[in-house]
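The structure appears below as structure tokens.
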Amino acid sequence: MSISSEHKPLGKQVTGSLHTLSPIVELNVGGEMYTTTLSTLKKHPGSKLAEMFTGQPKLRTDSEGRYFIDRPGTYFKYILEYLRSNQLPTQCIQDVYKEALFYDIEPLIKQLEDSPQIFGELVARKQFLARVPNYSENIELMIRIARAEAVASRRSSVIVCVVRTEEDAARCQDALNSLDMDKKSVVKFGPWKAAPSITDLLDCIQMDVEAKGYKISFQPHIAEKGFRFKSHDFFYKFLFTWW
């Protein structure tokens, strides 16, 4: 008895034009398997996801004939939920936002950007950090200094000078001239013109270094006696723990 075409495994029906493909599509997204409809995938015609399934196939297939997308499969379920029912995710929002950007699903991107998590990151925190001169470069400099001092050590430290105003920057420079240490190893942040405080900036530094996989903490740096200024007005010690 022969098996009719409608009972053949869907994953094998992937040759030829997508116009002849079954309306049911099997996907392998980063090792996670999904089954959905062609119309769901093409719900937003201008998106990159829709373009993947428009016209001739633009994707490779796995050994079972499923279309393969080399992206984190865990978060694709939230993309599908949105396409199926306009349901927004309530968890993993930052990660889903990255996937929405990749698939270029404009309505989902805009709605996620209105969420407190993305709004706070993009509009509040990122806009503040954009006003802190050389912020990203200084984060990388901190990491390089810490790694250079980590040889045969469990911990290494980096001294950070944080100044909010031009006046504080001048005082900080005077303080640096009084420090009995290599001034090149002190990483300076600021000044900036925005509402967030020095504590807010310190929290941002810790957050962004930890986002790169490092274990870090900070505390006011207490300088040697005879120092002209209260060192904790400007200087903080960031401690990297390696093991």
Side-chain angles (χ1 to χ4, degrees), residues 1-130 136 139 204 207-208 210-214:
M1 176 178 173
S2 62
I3 301 177
S4 65
S5 60
E6 64 182 2
H7 292 104
K8 289 180 181 178
L10 290 171
K12 301 298 183 182
Q13 302 175 27
V14 294
T15 59
S17 170
L18 280 167
H19 292 299
T20 63
L21 180 66
S22 166
I24 308 300
V25 181
E26 290 192 348
L27 301 172
N28 176 346
V29 185
E32 298 282 340
M33 310 308 165
Y34 293 95
T35 302
T36 187
T37 65
L38 198 57
S39 60
T40 294
L41 296 171
K42 297 169 64 175
K43 183 174 181 180
H44 297 286
S47 69
K48 181 177 179 180
L49 182 62
E51 290 178 357
M52 290 178 182
F53 296 92
T54 301
Q56 293 296 323
K58 300 177 178 65
L59 296 170
R60 292 175 293 175
T61 57
D62 65 11
S63 59
E64 297 297 320
R66 292 172 291 231
Y67 281 105
F68 179 73
I69 302 177
D70 193 13
R71 294 294 295 180
T74 303
Y75 311 117
F76 191 72
K77 65 181 179 181
Y78 300 109
I79 300 294
L80 277 184
E81 286 177 1
Y82 177 77
L83 294 175
R84 288 166 174 162
S85 61
N86 292 323
Q87 180 178 336
L88 291 174
T90 57
Q91 54 187 330
C92 306
I93 292 176
Q94 295 277 2
D95 295 302
V96 178
Y97 179 68
K98 292 177 183 177
E99 297 309 297
L101 289 172
F102 173 79
Y103 294 114
D104 195 21
I105 304 173
E106 192 65 29
L108 177 56
I109 292 171
K110 289 181 178 179
Q111 290 183 62
L112 288 175
E113 286 179 347
D114 283 337
S115 69
Q117 296 90 333
I118 304 299
F119 179 87
E121 176 69 13
L122 293 181
V123 177
R125 198 175 84 92
K126 290 295 186 185
Q127 289 297 316
F128 158 53
L129 294 178
S136 297
I139 292 291
C204 286
M207 184 186 309
D208 289 329
E210 287 180 339
K212 295 179 180 293
Y214 296 92

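Computed over heavy atoms, backbone and side chain alike; hydrogens, waters and symmetry mates excluded.
- Scanning all heavy atoms of the two residues, the minimum distance from Ile109 to Ala100 falls at CD1-O, 3.5 Å.
- With sequence neighbours excluded, the residues forming a side-chain contact (heavy atoms from CB on, under 4.5 Å) with Lys126 are Glu121, listed by chain and number.
- Ring planes of Phe53 and Tyr67: perpendicular class, angle over 60° (limits at 30 and 60°).
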Under the side-chain contact (heavy atoms from CB on, under 4.5 Å) rule, what do Glu113 and Leu122 come out as? Steps first, then yes or no, please.
CA-CA 8 Å; Glu113 286 179 347; Leu122 293 181; 4.0 Å; yes
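- Between the Thr54 side chain and the Ala50 main chain, a donor and an acceptor come within less than 3.5 Å of each other.
- Taking CD from Glu64 and CD from Glu26, the interatomic distance works out to 9.0 Å, rounded to the nearest 0.5 Å.
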side-chain contact (heavy atoms from CB on, under 4.5 Å) between Arg125 and Cys204, intermediate numbers included
CA-CA 8 Å; Arg125 198 175 84 92; Cys204 286; 3.6 Å; yes
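- Applying the side-chain contact (heavy atoms from CB on, under 4.5 Å) rule to Ser39 yields the partners Thr37; only residues at least two apart in sequence or on another chain are considered.
- Using a distance-only test at 3.5 Å, with no hydrogens or angles considered, a donor-acceptor pair links the side chain of Tyr34 to the main chain of Gly73.
- For the residue pair Gly30 and Phe68, the shortest heavy atom distance occurs at N-CE1, 4.0 Å.
- Distance check: Ile105 CD1 to Lys110 NZ gives 14.0 Å after rounding to the nearest 0.5 Å.
- How far CD1 of Ile79 is from OG of Ser47: 10.0 Å, rounded to the nearest 0.5 Å.
- The closest side-chain heavy-atom distance from Tyr82 to Pro107 is below 4.5 Å.
- Heavy atoms only, all atoms of each residue included: Lys212 and Ile139 are closest at CE-CG2, 4.0 Å.
- Two residues are said to be in side-chain contact when any heavy atoms from C-beta on lie closer than 4.5 Å; Leu108 and Leu88 meet this criterion.
- Of the inter-residue distances, the one linking Thr36 atom OG1 with Leu80 atom CG reads 5.0 Å to the nearest 0.5 angstrom.
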Full working for side-chain contact (heavy atoms from CB on, under 4.5 Å) between Glu81 and Phe76:
CA-CA 9 Å; Glu81 286 177 1; Phe76 191 72; over 6 Å; no
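- Annotation: Lys43, atom NZ; neighbour count of heavy atoms from other residues, nucleotides and ligands within 6.0 Å is above 12.
- In this structure the side chain of Asp104 never reaches within 4.5 angstrom of the side chain of His44, judged on heavy atoms.
- Inter-residue side-chain proximity for Val25 and Thr35 is flagged as unmet; no heavy-atom pair is nearer than 4.5 Å.
- In plain terms, the two heavy atoms of Ile93 and Ser115 that are nearest each other are CG2-OG, 3.9 Å.
- At most 12 non-hydrogen atoms from other residues, nucleotides or ligands lie less than 6.0 angstrom from CZ of Arg60.
- Of the listed residues (Asp62, Asp70, Thr61), just one forms a side chain to side chain donor-acceptor pair (under 3.5 Å) with Asn28, and that residue is Asp62.
- Summarising the geometry of Gln91 relative to Val96, their closest heavy-atom pair is O-CG2, 4.3 Å, with the distance given to 0.1 Å.
- Closest non-hydrogen pair, Leu41 versus Leu49, comes out as O-CG, 3.8 Å.
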Tell me, with the steps shown, if Tyr75 and Cys92 meet side-chain contact (heavy atoms from CB on, under 4.5 Å).
CA-CA 8 Å; Tyr75 311 117; Cys92 306; 3.9 Å; yes
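- Taken to the nearest 0.5 Å, the CD atom of Glu210 stands 9.5 Å off from the CG atom of Asp208.
- For the residue pair Gln87 / Tyr78, no side-chain donor-acceptor distance below 3.5 Å is found, with atom types taken as modelled.
- Applying the side-chain contact (heavy atoms from CB on, under 4.5 Å) test to Phe102 and every residue at least two apart in sequence or in another chain returns Lys48, Met52, Arg71.
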